[in-house]
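What you see below is based on every heavy atom in this structure, not just the backbone, and it leaves out hydrogens, waters and symmetry mates. From a predicted model like this one, the values you see are computed outputs, not experimental measurements.
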Amino acid sequence: MRNFIVVAVVVLSAILGANQALAFERGGIAESANAVTPLLNGQFAPKTTLKMADGTPVSLQALTLQKPTIVLFYRGGWCPYCSRQLAQLKDIEKELVNLGFQILAISPETPERLQEQKLETEFLVTLLSDEKLATIREFGVGFYVDESTSEKYQTYGIKLAKDEAGREVLPAPAIFMLNTKGQVLFSYVNPDYKVRPSAELVLSVAKVLKVEM
């Protein structure tokens, strides 16, 4: 069973990483979700600063040095697909924690909005704000939102994070699993925001990687 999972992970990484073969300057933002070029397995997480839900600055490097880490990038609490993914993750979070992992969920939403989400539900997941987009940039998952999509979100009252030029940015939904050196051991990035890895896949991969750490 373990060998099957390892093979599945390798194949999955090869398929989803097809566009990563193209060189892309780290720290850039892609023109579309299909053009993102995430960190590859073997590369290291950036030394960026995020904010906790209470607004306290926190170093991503300091967090990832503590224990193996699952980093989840999501669009925001307004996204039903993200909420569903977080709810499914909640079902396995205790098992992941028992395996020694910590779970960091990063979005471009403000700390104030994260505080609201935190009050709405109880998670062992640590919600982090990347409203300045530094971590989203450095992981290579950020992309610019096209005008028609932006207009649609505005009608729903959704305010998206903007870069220095005033262009709206979202992260492609992604999961990275890191060791205590901050090195990426597994990643799942899909430009289709409606498609997310199952909780069963996340847990299976975590069990395999635990042996490797």
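Ser107 places a side-chain N or O within 3.5 Å of a backbone atom of Glu109 that can act as its donor or acceptor partner. A donor-acceptor contact shorter than 3.5 Å links the side chain of Thr69 to the backbone of Lys67. Of the possible donor and acceptor atoms, one in the side chain of Ser83 sits under 3.5 Å from a partner among the backbone N and O of Cys79. No donor-acceptor pair closer than 3.5 Å links the side chain of Glu138 to the backbone N or O of Leu133.
Linking Ile, Leu, Val, Met, Phe, Trp and Tyr whenever their side-chain heavy atoms come within less than 4.5 Å puts Phe186 and Leu99 in one cluster. If you chain together hydrophobic residues whose side chains sit under 4.5 Å apart, Leu50 and Met52 fall into the same group. Under the 4.5 Å side-chain heavy-atom criterion for grouping Ile, Leu, Val, Met, Phe, Trp and Tyr, Phe44 is not connected to Ile136 through any hydrophobic cluster. Tracing side-chain contacts under 4.5 Å through hydrophobic residues (I, L, V, M, F, W, Y), one reaches Tyr153 starting from Phe143; they form part of the same cluster. A continuous path of ILVMFWY side-chain contacts below 4.5 Å connects Ile92 to Leu127, so both sit in one hydrophobic cluster.
Counting heavy atoms from C-beta on, the side chains of Leu128 and Val58 come closer than 4.5 Å. In this structure the side chain of Asp163 reaches within 4.5 angstrom of the side chain of Ile29, judged on heavy atoms. Taking the side chain as every heavy atom from C-beta outward, Leu63 and Leu104 approach each other to under 4.5 Å. For the pair Glu131 and Glu112, the minimum side-chain heavy-atom distance is 4.5 Å or more. The closest side-chain heavy-atom distance from Val189 to Pro38 is below 4.5 Å.
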*Walk me through it: do Ser148 and Asp146 pass the test side-chain hydrogen bond (donor to acceptor under 3.5 Å, both in side chains)?*
CA-CA 6 Å; Ser148 62; Asp146 62 78; 2.7 Å; yes

*Using the side-chain contact (heavy atoms from CB on, under 4.5 Å) rule, take Leu60 and Thr135 through it: C-alpha gap first, then chi angles, then the decisive distance, then the call.*
CA-CA 9 Å; Leu60 178 63; Thr135 306; 4.0 Å; yes

*Stepwise side-chain contact (heavy atoms from CB on, under 4.5 Å) test for Glu93 and Gln88*: CA-CA 9 Å; Glu93 62 180 358; Gln88 292 175 355; over 6 Å; no

_CA sep, side-chain torsions, deciding dist, call: Leu89, Val125, side-chain contact (heavy atoms from CB on, under 4.5 Å)_ = CA-CA 9 Å; Leu89 190 60; Val125 174; 4.2 Å; yes

*Hey, mind stepping through Ile106 and Leu72 against side-chain contact (heavy atoms from CB on, under 4.5 Å) and telling me if it holds?*
CA-CA 6 Å; Ile106 300 172; Leu72 169 74; over 6 Å; no

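The line from OG of Ser59 to CG of Leu65 is 7.5 Å long, rounded to the nearest 0.5 Å. Atom CG of residue Leu114 and atom OG1 of residue Thr126 lie 11.0 Å apart, to the nearest 0.5 angstrom. In this structure, the separation between CD on Gln102 and CD on Gln66 is 5.5 Å, given to the nearest 0.5 Å. Between the CZ atom of Phe73 and the SG atom of Cys82 there is a distance of 12.5 Å, given to the nearest 0.5 Å. Distance check, rounded to the nearest 0.5 Å: OG of Ser150 to NZ of Lys159 gives 13.0 Å. Atoms CD and CD, from Gln154 and Glu147 in turn, are 9.0 Å apart once rounded to the nearest 0.5 Å.
Remark: Arg75 is positioned above the aromatic ring of Tyr193, its terminal NZ or CZ atom under 6.0 angstrom from the ring centre and at most 45 degrees off the axis.
The two residues Phe101 and Ala206 have their closest heavy-atom pair at CE1-O, 3.5 Å. When all heavy atoms of Val36 and Val141 are compared, the pair lying nearest together is CG1-O, 3.6 Å. Of all non-hydrogen atoms in Ser129 and Pro111, the two that sit nearest each other are OG-CD, 3.5 Å. Here the shortest heavy-atom pairing between Ile103 and Leu96 reads CD1-CD1, 3.8 Å. In plain terms, the two heavy atoms of Gln85 and Pro197 that are nearest each other are NE2-CD, 3.9 Å.
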Tell me which donor-acceptor pairs under 3.5 Å the side chains of residues 169-181 have, and how far apart each pair is, sequence neighbours excluded?
residue	atom	partner	partner atom	Å
Asn179	OD1	Lys181	N	2.9
Asn179	OD1	Gly182	N	3.2
Asn179	OD1	Gln183	N	2.9
Asn179	ND2	Gln183	OE1	3.3

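A side-chain donor-acceptor contact under 3.5 Å links Thr56 and Asp54.
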